Amino acid sequence: QVQLVESGGGLVQAGGSLRLSCAASGRTFSSYAMGWFRQAPGKEREFVTAISRRGGNTYYADSVKGRFTISRDNAKNTVYLQMNSLKPEDTAVYYCAAMYGSSWPPRTYEYDYWGQGTQVTVSS
């Protein structure tokens with residue numbers, strides 16, 4: 001069982017930056033690929049980015065390439081999402097998720113655990 005807790009969301013102006021964190025419980029964090037997803041009001045949850053178990057591979061949605069960076073610190077059981085050049089369309093609840101195993105890149109249905117989400121609001 002893995003519990004995920006996101007933090008770092010907030011209100012920011014367009015062009016600004018935020019750094020999200022996702023802290024995971026348990027001793028086997030390095031066994032999980034991690035991902036970030038987001039859901040805007042009235043829209044379906046969408047994939048943002050993923051990172052492999054040791055951090056050697058990353059994968060991004062086209063909409064965030066060049067602006068967002070995912071990273072992880074396995075010693076701290078934490079995954080991060082650095083978001084730069086934020087746009088109003090980035091406004092959403094951001095969720096982190098954990099997938100046990102080696103599938104790469106993970107498909108959405110392969111994620112085993114999800115956090116409760118953190119709100120990111122970008123004003124124009």
Side-chain angles (χ1 to χ4, degrees):
Q1 186 77 11
V2 175
Q3 292 186 329
L4 304 172
V5 179
E6 302 96 336
S7 61
L11 174 64
V12 64
Q13 289 188 334
S17 298
L18 279 175
R19 188 194 196 202
L20 305 183
S21 299
C22 172
S25 65
R27 301 179 180 178
T28 59
F29 180 68
S30 60
S31 298
Y32 292 83
M34 299 297 295
W36 286 96
F37 292 76
R38 66 187 182 185
Q39 187 167 18
K43 295 187 177 181
E44 294 186 353
R45 187 174 298 187
E46 66 172 356
F47 169 79
V48 176
T49 181
I51 189 166
S52 58
R53 293 174 294 179
R54 295 185 180 182
N57 292 308
T58 57
Y59 187 69
Y60 294 90
D62 288 343
S63 59
V64 306
K65 278 181 183 177
R67 300 188 300 122
F68 290 11
T69 302
I70 189 171
S71 61
R72 67 189 295 162
D73 185 337
N74 285 349
K76 295 182 177 179
N77 281 15
T78 302
V79 62
Y80 305 97
L81 181 62
Q82 178 67 43
M83 304 186 295
N84 299 328
S85 302
L86 282 162
K87 305 175 181 180
E89 51 263 44
D90 294 318
T91 294
V93 177
Y94 283 71
Y95 300 88
C96 70
M99 187 215 72
Y100 183 81
S102 59
S103 176
W104 186 261
R107 295 175 174 80
T108 299
Y109 67 85
E110 293 181 302
Y111 285 89
D112 301 293
Y113 302 101
W114 295 80
Q116 293 300 306
T118 185
Q119 176 70 47
V120 172
T121 303
V122 184
S123 63
S124 57

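Heads up: numbering here begins at 1 and tracks the sequence. These numbers were taken from a predicted model, which means no experiment stands behind them.
- Dense packing is recorded around OH of Tyr113, with more than 12 heavy atoms of other residues, nucleotides or ligands lying under 6.0 Å away.
- Note: the hydrophobic cluster containing Val93 does not contain Val120 (ILVMFWY, side chain heavy atoms under 4.5 Å, direct or indirect links).
- Taking each heavy atom of Ser25 and Gln1 in turn, the nearest pair found is OG-O, 4.4 Å.
- Surrounding CD of Gln116 are at most 12 heavy atoms belonging to other residues, nucleotides or ligands under 6.0 Å away.
- Put simply, Val48 and Leu4 are part of the same group of oily side chains (I, L, V, M, F, W, Y) that touch within less than 4.5 Å, one to the next.
- In this structure the side chain of Gln119 reaches within 4.5 angstrom of the side chain of Thr91, judged on heavy atoms.
- Under the side-chain hydrogen bond (donor to acceptor under 3.5 Å, both in side chains) criterion, Arg67 pairs with Asp90, sequence neighbours left out.
- For the pair Arg53 and Ser31, the tightest heavy-atom approach, listed with the atom from each and the gap, is CD-O, 3.3 Å.
- Counting all heavy atoms, side chain and backbone alike, Asp73 lies closest to Tyr80 at CB-CE1, 4.1 Å.
- Tracing side-chain contacts under 4.5 Å through hydrophobic residues (I, L, V, M, F, W, Y), one reaches Met83 starting from Val122; they form part of the same cluster.
- Not one N or O on the side chain of Gln13 forms a donor-acceptor pair closer than 3.5 Å with the backbone of Ser123.
- Judged purely by atom type and a 3.5 angstrom limit, Arg72 uses its side chain to pair as donor or acceptor with the backbone of Phe29.
- When every heavy atom of Arg38 is checked against every heavy atom of Tyr94, the shortest pair comes out as NH1-OH, 2.9 Å.
- A single hydrophobic cluster is seen to contain both Phe47 and Trp114, as judged by linkage of ILVMFWY side chains at heavy-atom distances under 4.5 Å, directly or through other members.
- In this structure, Thr49 contributes its side chain and Tyr59 its backbone to a donor-acceptor pair below 3.5 Å.
- Scanning both residues, Ile51 and Val79, for their nearest heavy atoms gives CG2-CG2, 4.1 Å.
- Within a 6.0 Å sphere centred on CD of Gln3, heavy atoms belonging to other residues, nucleotides or ligands number 12 at most.
- Note on Tyr111: it clusters hydrophobically with Trp104, by side-chain heavy-atom contacts below 4.5 Å among ILVMFWY residues.
- Pairing each heavy atom of Leu18 with each of Gly8, the nearest pair is CD2-O, 3.8 Å.
- Between the OG atom of Ser52 and the CG atom of Asn57 there is a distance of 4.0 Å, given to the nearest 0.5 Å.
- Formation of a donor-acceptor pair under 3.5 Å by the Glu6 side chain with backbone atoms of Leu20 is not found in this model.
- No close placement of the Phe68 and Trp36 rings is indicated, their centers lying 6.0 Å or farther apart.
- Side-chain N or O atoms of Ser124 include none that pairs as donor or acceptor with a backbone N or O of Pro88 at under 3.5 Å.
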